[in-house]
2 protein chains.
Amino acid sequence: MIKNIFKNISQTFIKNGHRLTNQRRIVIEVILNHKTDHMTVEDIYESTKTISPNISLSTVYRIVDFLKQNNIIHKLQVDDDHYFYELINTEGSAIHPHFICKKCGKTIDILNEDILNHAAACQKNITSTYDFKIVSSTILYYGICSNCLEKLKPNALPKKNKKK
Amino acid sequence: MIKNIFKNISQTFIKNGHRLTNQRRIVIEVILNHKTDHMTVEDIYESTKTISPNISLSTVYRIVDFLKQNNIIHKLQVDDDHYFYELINTEGSAIHPHFICKKCGKTIDILNEDILNHAAACQKNITSTYDFKIVSSTILYYGICSNCLEKLKPNALPKKNKKK
DNA sequence: TTCGATGCAAAAGGTTTGCATGGGT
DNA sequence: ACCCATGCAAACCTTTTGCATCGAA
């Protein structure tokens with residue numbers, strides 16, 4: 001299944017005259033194996049190095065850029081110093097909204113079908129109202145996640161004053 | 001009306017022990033006077049300099065950061081090298097979705113009431129489904145705007161192969 | 001008078017680039 | 001064999017920071 005995605009990806013850019021180098025193969029593998037992990041370039045680099053220690057950081061930057069150009073991955077800039085890449089259009093997890101907890105920093109994928117439908121309807125509404133052609137989107141919600149809300153309740157965890 | 005917003009803003013941070021310096025006054029004025037202009041720090045700096053030529057770029061960075069911390073403005077990162085700031089909660093133009101045309105680069109504010117309601121409903125849905133508390137959001141749609149779509153029609157502007 | 005805010009210039013640091021080399025096709 | 005992709009290190013560029021000075025309260 002991941003094999004298929006890989007095959008699709010590599011065929012696509014061989015078809016377009018690009019080369020399937022070892023480095024590209026490895027970076028793609030890393031990304032596929034961390035599909036749900038919200039990785040930065042640095043993360044990808046570190047993970048790639050465990051497979052091929054000689055790969056260079058700038059190569060990873062170039063490959064990530066390349067994959068972005070080819071609509072294989074998608075960058076999400078969460079705030080000034082947090083971002084990550086996500087696969088586009090893996091079956092069962094297309095582009096979706098994200099929730100970022102301002103307290104614990106976690107990014108949570110919003111995959112609830114109801115909500116996805118709702119969002120799709122909203123997008124369609126824009127398309128027809130403004131006569132735009134929408135090809136992608138970035139939907140980020142910021143706030144406090146249920147876990148952190150729980151911890152904030154007055155009766156919860158009254159002891160243990162934690163510090164950064 | 002802008003006067004009122006200004007008063008609100010300055011009172012808020014005087015109350016919080018911050019100082020209303022001339023530079024802050026000017027930067028706020030600039031932002032209020034360009035409410036719909038999607039300005040970068042550099043833009044704000046340039047505009048500020050026409051009023052007070054001696055202001056320093058780092059001061060503008062600091063003030064913009066300050067206003068962001070105080071929830072007066074909001075940064076929108078459109079892509080790796082495009083971003084801008086927007087006022088939060090000016091009456092009649094609260095946070096709203098944006099559309100970015102990949103062809104002409106324009107950013108268009110989506111203010112259609114129907115769509116805003118739709119988006120609000122979607123947000124509420126997330127809140128209740130996940131038990132999150134949402135305090136802000138960034139909603140960006142990418143694609144081709146109606147103007148550029150028009151130009152792309154086969155019968156429009158058939159000549160003129162432009163190059164970068 | 002106090003201490004937060006500013007200006008200047010220098011530092012930072014993530015990302016990009018030039019160039020010689022390597023390796024897909 | 002061709003020429004795109006890579007590795008390395010240097011360059012880039014926007015943003016941040018240290019420090020002396022200024023000025024709002």
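A, B, ... follow the sequence lines: proteins, then strands. Residue 1 opens every chain.
- Considering all non-hydrogen atoms of both residues, B/Q77 and B/L140 come closest at O-CD1, 3.5 Å.
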Please table the atom pairs, donor to acceptor, closer than 3.5 Å between any side-chain atom in residues 1-13 of chain B and protein atoms at least two apart or in another chain.
| from | atom 1 | to | atom 2 | distance (Å) |
| --- | --- | --- | --- | --- |
| B/S10 | OG | B/F6 | O | 2.7 |
| B/S10 | OG | B/K7 | O | 3.3 |
| B/T12 | OG1 | B/N8 | O | 2.7 |

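- Both B/I126 and B/I115 are part of a single hydrophobic cluster, where members link through side-chain heavy atoms under 4.5 Å apart.
- Contact annotation: the side chain of A/Y85 never approaches that of A/I31 to less than 4.5 Å [non-hydrogen atoms, C-beta and beyond].
- Residues A/V78 and B/F132 fall into different hydrophobic clusters, defined by Ile, Leu, Val, Met, Phe, Trp and Tyr side chains chained together at heavy-atom separations under 4.5 Å.
- For the pair A/K133 and B/L149, the tightest heavy-atom approach, listed with the atom from each and the gap, is N-CD1, 3.8 Å.
- Note on A/D79 versus B/K68: no salt bridge recorded, every NZ/NE/NH1/NH2 to OD/OE distance being 4.0 Å or above.
- Applying the 4.0 Å criterion to OP1 and OP2 of C/dT6, one finds that B/S56 has every side-chain N and O outside that range.
- Interface residues of residues 64-77 of chain A facing DNA chain C, ordered by number: none; criterion, heavy-atom separation under 4.0 Å.
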Take B/I95 and B/S136, measure what side-chain contact (heavy atoms from CB on, under 4.5 Å) needs, and give me the verdict at the end.
CA-CA 8 Å; B/I95 290 300; B/S136 68; 5.8 Å; no
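- Contacts between residues 44-55 of chain A and DNA chain D, defined by a heavy-atom separation below 4.0 Å, involve A/N54, A/I55, listed by number.
- Atom pair A/H82:NE2 and C/dG14:C1' shows a separation of 14 Å (rounding to whole Å applied).
- Taking atom CZ of B/F13 as the reference point, atom P of C/dG4 lies 16 Å away to the nearest angstrom.
- Rounded to a whole Å, the CD1 atom of B/I63 is 10 Å from the P atom of C/dA5.
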Pair B/R24, B/H18 - check side-chain contact (heavy atoms from CB on, under 4.5 Å), show working.
CA-CA 11 Å; B/R24 285 182 177 168; B/H18 304 296; 3.8 Å; yes
If you restrict it to nitrogen or oxygen atoms, what contacts under 3.5 Å exist between nucleotides 10-12 of chain C and the protein, and what is each distance?
none

Generate the contact string for nucleotides 18-25 of chain D. Rules: B means base contact, S means sugar-phosphate contact only, - means no protein heavy atom under 4.0 Å.
B----BBS
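- Here the C1' atom of nucleotide C/dG14 and the CD atom of A/E42 are 9 Å apart, to the nearest Å.
- Residue A/C122 comes nearest to B/Y141 through the heavy atom pair SG-OH, 4.4 Å, listed as atom of the first residue, atom of the second, then distance.
- The nearest whole Å value for the distance from the CG atom in A/N16 to the C1' atom in C/dG24 is 16 Å.
- With sequence neighbours left out, B/F84 forms a ring-ring contact (aromatic ring centres under 6.0 Å, His included) with B/H38, B/H98.
- The separation between A/D81 atom CG and D/dT16 atom C1' is 12 Å, rounded to whole Å.
- For the pair A/D80 CG and D/dT16 P, the interatomic distance rounds to 7 Å; values are reported in whole Å.
- A/I144 is not connected to A/I139 by any chain of hydrophobic side-chain contacts under 4.5 Å among Ile, Leu, Val, Met, Phe, Trp and Tyr, and they are in different clusters.
- Nearest heavy atom pair, residue B/V41 against residue B/Y83, reads N-OH, 2.9 Å.
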